[in-house]
Enquirer: 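Here's a structure for you.
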Amino acid sequence: MSLFSAPFDPATDTALVIGAGNGIGRAIAQALVGEGVRTVFADISAERVSAAISASVRPELAVPWVGDLAGLDACDALLAASHAALGEVSHFVHSASPPRREADHALAVDRRTWQEMHAVNLDAGFHLAREIAKRLIAAKRPGSFLFLTSLHAGTPRNLPHYSTAKAGMAMLVKELAKTFGRHNIRVNALVPGAIAAGGFVADASLARHIPLGRLGAANDLAPMALTVLSNKLSGYVTGAAFVVDGGLSLTNWFEAPALDTLS
Ligand SMILES: NC(=O)c1ccc[n+]([C@@H]2O[C@H](COP(=O)([O-])OP(=O)(O)OC[C@H]3O[C@@H](n4cnc5c(N)ncnc54)[C@H](O)[C@@H]3O)[C@@H](O)[C@H]2O)c1
């Protein structure tokens, strides 16, 4: 049988995607149900969740959940709802993040915005992943988790609440991968570049810094996400970060050679 024809087992694989209402999370959640995986679509926006599910190829496999994941009580409610709907959650995807506003630089960002960014990205990520893992370990079931981090986990973004939350998330991936590995639970990061998906208002002129010559789209992330999530395709991969950026991170103070002027 082809290696790629059935990356998931619909009889045992289940998924929870947070931030499934828009952008990259929506594309990943829709791709998972497309592979026959029962998936909880979780987001703060009811309207977005319902639109994301309606536009899925197999909406009957999608379970909606709406709440604000900046609070741990809401995270517990999401866990209870997910386990009630799916049994164990074998695949967890963290793609939820509050809006980033360019005005929130180091001298301007307020305490609430700082805390919300860390709460959704880091605190919710840790709490949800740990609780899902505890149940998988007790049930002796494998799992695979994926966190959307950022190139700005390692370079400044002029948004200190965002870059520090992503830097924490990048280390959380490594900590969890190391601790959960013996229990056959893999934890990896997906690192998008400039993806015109909703959360990032991209200036089209940025394309000139991207070797592949265009901004990314949410659907550029979903195939890599599913590959890394699949135990069949990536069963020996954990603690890794996969950059999907069209080459954006290769940019530095040297321009690429102008080959069109060479004979
Ligand atoms: N788009 C990019 O260029 C880019 C680049 C690097 C990293 N990322 C990361 O990828 C992930 C997805 O990015 P995107 O552009 O698709 O974002 P997006 O804003 O389009 O989607 C994020 C989703 O999270 C939801 N959300 C926000 N706050 C929430 C809360 N408190 N509780 C529950 N849900 C909440 C939003 O409603 C939204 O649907 C994010 O973690 C982002 O930081 C994106």
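All ligand and atom numbering here is 1-based and tracks the order in the structure. Hydrogens, waters and symmetry mates play no part in the numbers below; they use all other heavy atoms, side chains included. Just so it is clear, the model here is predicted, and its values are computed rather than measured.
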Enquirer: Which protein heavy atom lies closest to atom 22 (C) of ligand 1, and at what distance to 0.1 Å?
Expert: S95 O, 3.7 Å
Enquirer: Is the closest heavy-atom distance from H94 to ligand 1 below 4.0 Å?
Expert: no
Enquirer: Using 4.0 Å as the upper bound for N to carboxylate O, is an ion pair formed by D220 and R214?
Expert: yes
Enquirer: Can you find a non-hydrogen atom of L190 under 4.0 Å from ligand 1?
Expert: no
Enquirer: Which of the atoms in ligand 1, numbered in the order shown and given with their element, are less than 4.0 Å from a heavy-atom of Y162?
Expert: 6 (C), 7 (C), 8 (N), 9 (C), 42 (C), 43 (O)
Enquirer: Taking distance alone, with N or O pairs closer than 3.5 Å, would you say P192 contacts ligand 1?
Expert: no
Enquirer: Out of A197, G193, A42, who is nearest to atom 5 (C) of ligand 1 when you count heavy atoms only?
Expert: G193
Enquirer: Compare V191, V120, L69, N22 and give the one whose heavy atom is closest to atom 32 (N) of ligand 1.
Expert: L69
Enquirer: Under a plain distance cut-off of 3.5 Å, with no hydrogens placed, do H127 and D76 share a side-chain donor-acceptor pair?
Expert: yes
Enquirer: Using heavy atoms and a 4.0 Å limit, tell me yes or no: is S45 in contact with ligand 1?
Expert: no
Enquirer: Would you indicate which of I18, V49, I195 comes nearest to atom 2 (C) of ligand 1 when only heavy atoms are counted?
Expert: I195
Enquirer: At what distance is the nearest protein heavy atom to atom 34 (N) of ligand 1, and which residue and atom is it?
Expert: I44 N, 3.2 Å
Enquirer: Can you confirm whether E60 is buried at CD, in the sense that more than 12 heavy atoms of other residues, nucleotides or ligands lie under 6.0 Å from that atom?
Expert: yes
Enquirer: Write out the residue and atom name of the closest protein heavy atom to atom 13 (O) of ligand 1, then the distance separating them to 0.1 Å.
Expert: I24 CD1, 3.9 Å
Enquirer: Taking the minimum heavy-atom distance to atom 38 (C) of ligand 1, which of R100, E47, M169, R48 ranks first?
Expert: R48
Enquirer: Side chains of S45 and D43: any donor to acceptor distance under 3.5 Å?
Expert: no
Enquirer: Taking the minimum heavy-atom distance to atom 37 (O) of ligand 1, which of V93, D43, D245, L148 ranks first?
Expert: D43
Enquirer: Starting from atom 15 (O) of ligand 1, locate the nearest protein heavy atom and write down its residue, its atom name and how far away it is, to 0.1 Å.
Expert: G199 N, 3.2 Å
